[in-house]
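All remarks here apply to the structure that follows.
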Amino acid sequence: DRSSAASDVYKRQGQWAHFGKDSTDWTAWARYDNGQWVAIEPIDEATSGMTAPCYDVDKWAAEGAPAFLTENMRRCD
């Protein structure tokens with residue numbers, strides 16, 4: 001149950017963060033907006049290599065996302 005599971009911040013810069021849960025493969029990208037962390041939803045699933053959620057990285061870069069996000073968030077192929 002992710003809602004009750006404690007999560008750790010892997011990296012945070014300003015209003016941007018990458019969260020995860022130790023000993024699992026669960027991670028989430030988020031942006032702080034109006035007093036709360038809001039998950040950045042994937043737009044599709046990347047199929048090259050391991051199947052994983054992928055994101056509109058260019059959109060977030062245009063909105064000021066820092067390099068740790070734009071360089072590590074998986075782009076859709």
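We're numbering straight along the sequence, starting at 1.
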Check against side-chain contact (heavy atoms from CB on, under 4.5 Å), W60 and W16: CA-CA 10 Å; W60 299 114; W16 306 91; 3.8 Å; yes
Heavy-atom closest contact (A30 atom, F19 atom, distance): CB-CE1, 3.6 Å
Exercise: identify the closest heavy-atom pair between A61 and T70: CB-CG2, 3.7 Å
Nearest-0.5 Å distance, OG1 of residue T27 to NZ of residue K21: 13.5 Å
F68: which of R12, Q13, M73 passes side chain to side chain contact (heavy atoms under 4.5 Å, CB included): Q13
Mutual orientation of the aromatic rings belonging to W29 and H18 [parallel < 30°, tilted 30-60°, perpendicular > 60°]: parallel
Pairs involving residues 56-73, ordered by first then second residue, that meet salt bridge (Lys or Arg N to Asp or Glu O under 4.0 Å) (sequence neighbours left out): R31-E63, D58-R75
Interatomic spacing from CD1 in I43 to SG in C54 - rounded to 0.5 Å: 5.5 Å
I40 and L69, any side-chain heavy atoms less than 4.5 Å apart: yes
Minimum-distance pair of heavy atoms, taken over all atoms of C76 and D44: SG-CB, 3.8 Å
